[in-house]
Amino acid sequence: MDDKRGRFEAEVLPHLNAAYRFARWLSHSPGDVDDVVQEALLRAFRGFDALRGSDVKAWLLAIVRNCHATALKQQQRRAFVPLPEEHDPRDGYAMIAATTDPESASIRRDDARSLERLLSALPEEHREVLVLREIEDLDYRAIATITNVPIGTVMSRLARARAGLKARWLTEVEGERRGVR
Amino acid sequence: MECAESLRVQAYFDGEVDALSAADIERHVEHCAECRALLQDLEQTRTAIRRDLTPGRAPPELHARIRQALDQETAVNTPRPNRWGRTTWRTQPFWVGALGGIGSAAVAATLAFLVLSPSITNPLLDDLVAAHVRSLMPSHLTDVVSTDRHTVKPWFAGHTDVSPVVADFAQQGYRLIGGRADYLDHQRSAVVVYQHGAHVINVFSWSASRGALPGNTTRGGYHLAFWKAGDLEYCAVSDTGWDELLGLARLLRDLSSRDDRE
Ligand SMILES: [Zn+2]
């Protein structure tokens with residue numbers, strides 16, 4: 001048992017940050033993220049004996065996704081309506097990349113906030129593939145495993161997510177800047 | 001509105017194509033302004049996301065909560081394994097009651113298919129899975145599209161030195177959709193493509209010249225079923241269930257042995 005715990009800490013816990021990020025991107029109510037991640041890690045621990053030499057990160061993220069779906073169902077049963085606007089983009093994963101130039105830092109912060117908001121506004125099935133590809137740097141196969149769809153679907157969702165983000169970015173961010181000048 | 005190659009260009013951008021297809025796509029991009037613009041967009045989006053959204057980290061309180069939960073889990077379960085080695089859970093998280101069938105079934109399915117992936121390397125298995133995945137890319141599935149075995153079978157004669165059994169099993173749920181020539185482990189192979197529900201099944205065949213045929217296995221989430229018939233070796237690859245895959249294998253074997261007798 002101690003050995004299992006040790007192996008779990010060595011092989012699965014290093015992916016805790018990825019699990020947390022993914023849960024954040026899936027969820028519209030930040031308060032539930034910790035519960036979802038904790039439940040996912042517990043389930044992963046219980047199923048860990050059966051896992052042998054495969055992609056631990058993809059496996060864990062698939063569990064996170066299932067836990068999120070279950071929590072969401074539970075929430076909907078409590079007739080709780082999530083309010084994405086309450087979600088503070090500076091909190092957690094949307095921290096701004098460090099830079100030495102204060103002016104460009106402020107532009108970047110605005111860009112990051114818009115990007116964060118635009119990404120959050122994508123339909124969930126588009127958002128999740130884009131996050132898994134660009135932020136978690138996973139390949140199509142792993143993304144297909146996690147989202148439980150064929151690779152062809154991953155490819156078309158990814159294309160639509162990217163096109164959608166680009167279009168929103170262009171109309172919103174670039175439009176605003178031109179308006180300011 | 002959109003270039004038909006756009007998904008392949010995206011796959012190229014994501015590093016999901018082999019060297020041969022990459023060269024092919026590069027040639028296309030050279031004379032397709034739309035795909036050049038697409039590549040630029042993909043690069044810009046990636047740069048913006050990776051530059052501006054720095055990775056978040058789980059807060060220390062969450063680390064602590066998880067360790068505590070694992071401590072509890074270990075303490076509770078150590079003394080109580082039942083005789084099948086499974087454990088009885090005494091503590092339940094707050095929403096376990098709501099788990100129902102679907103979520104846990106999906107986790108179980110994911111687990112099952114990850115668990116079955118062997119980590120040993122075998123070039124033939126790697127080639128089979130790579131060729132199967134490649135075939136799922138748009139416009140890569142078939143070289144000859146036909147539901148008629150009298151079209152597919154002669155096509156192979158002109159394109160490979162392999163002449164596999166070809167038949168449409170639409171009535172049994174396996175629709176013949178075409179054929180393709182492919183390379184496996186540096187050897188020419190003929191591929192017969194079937195559709196079963198939403199799944200594609202590639203049936204590879206090659207001259208039986210190598211050593212022992214691998215046993216049925218699962219790799220990267222795909223099942224591979226092997227058999228030998230006459231002077232050919234076959235492998236059916238798909239992400240269907242084992243029952244569905246072995247069902248097609250059985251039909252094809254039966255057909256081969258009938259052909260032999262005739
Ligand atoms: Zn093009």
Side-chain angles (χ1 to χ4, degrees), chain A residues 1 5 8 16-17 19-21 24 34-35 37-39 41-43 45-47 50-55 58-59 62-63 66-67 69-71 73-74 77 92-97 108 111-112 115-116 119 133-135 139-141 144-145 148 150-152 155-156 158-159 162 165-166 169, chain B residues 6-7 10-11 14-16 41-42 44-46 48-59 61-63 65-66 69-70 73-74 77-78 87 89 93-96 98-100 102-104 106-115 117-119 133 136-138 198-200 220-221 239:
Chain A
M1 202 43 98
R5 174 74 184 268
F8 186 79
L16 177 60
N17 286 332
Y20 177 75
R21 279 194 296 271
R24 292 289 309 249
D34 286 11
D35 289 336
V37 175
Q38 180 179 337
E39 176 59 20
L41 267 291
L42 266 184
R43 281 212 224 167
F45 185 67
R46 289 168 193 165
L51 180 74
R52 290 282 174 280
S54 42
D55 186 344
W59 171 74
I63 298 175
N66 277 293
C67 288
T70 311
K73 251 179 264 158
Q74 178 92 348
R77 224 185 287 169
Y93 48 86
M95 306 278 273
I96 311 307
R108 281 209 180 160
D111 282 358
L115 192 60
E116 146 80 18
L119 196 46
R133 179 67 200 97
E134 300 295 29
I135 298 180
D139 63 17
Y140 291 176
R141 180 72 232 146
T145 302
N148 210 9
I151 284 185
M155 293 170 68
S156 57
L158 201 47
R162 282 163 159 163
L165 190 68
K166 171 89 184 171
W169 176 264
Chain B
S6 64
L7 282 185
Q10 176 183 251
D14 285 321
E16 296 270 350
D41 284 355
L42 292 171
Q44 270 175 10
T45 311
R46 170 165 298 170
I49 291 178
R50 293 190 175 169
R51 182 195 63 199
D52 293 336
L53 304 179
T54 60
R57 308 183 64 81
E61 307 87 72
L62 182 58
H63 274 273
R65 264 179 69 175
I66 285 167
L70 290 177
E73 185 80 9
T74 319
N77 293 313
T78 307
T87 30
W89 315 114
F94 67 106
W95 37 298
V96 127
L99 284 185
I102 293 178
S104 19
V107 169
T110 306
L111 270 176
F113 99 44
L114 288 168
V115 166
S117 315
S119 50
V133 171
L136 301 177
M137 311 257 307
H199 304 270
V200 166
D239 60 351

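Naming: A, B, ... by sequence-line order, numbering from 1 per chain. Owing to the predicted nature of the structure, the values given are computational and were not obtained by experimental measurement.
Take A/Asp34 and apply the side chain to side chain donor-acceptor pair (under 3.5 Å) test, not counting sequence neighbours, and it matches no residue. Remark: B/Asp41 engages A/Lys166 in a salt bridge (Lys or Arg N to Asp or Glu O under 4.0 Å) (not counting sequence neighbours).
Residues B/Arg57 and A/Tyr20 are not in side-chain contact: their nearest non-hydrogen atoms beyond the backbone lie 4.5 Å or more apart.
The two residues B/Ala58 and B/His63 have their closest heavy-atom pair at O-CD2, 3.7 Å.
With a 4.5 Å cut-off on non-hydrogen atoms, A/Ala69 does not touch chain B at all. Heavy atoms closer than 4.5 Å to chain B are found in the side chain of A/Leu119, but not in its backbone. Heavy-atom distances place no part of B/Glu61 under 4.5 Å from chain A, backbone and side chain included.
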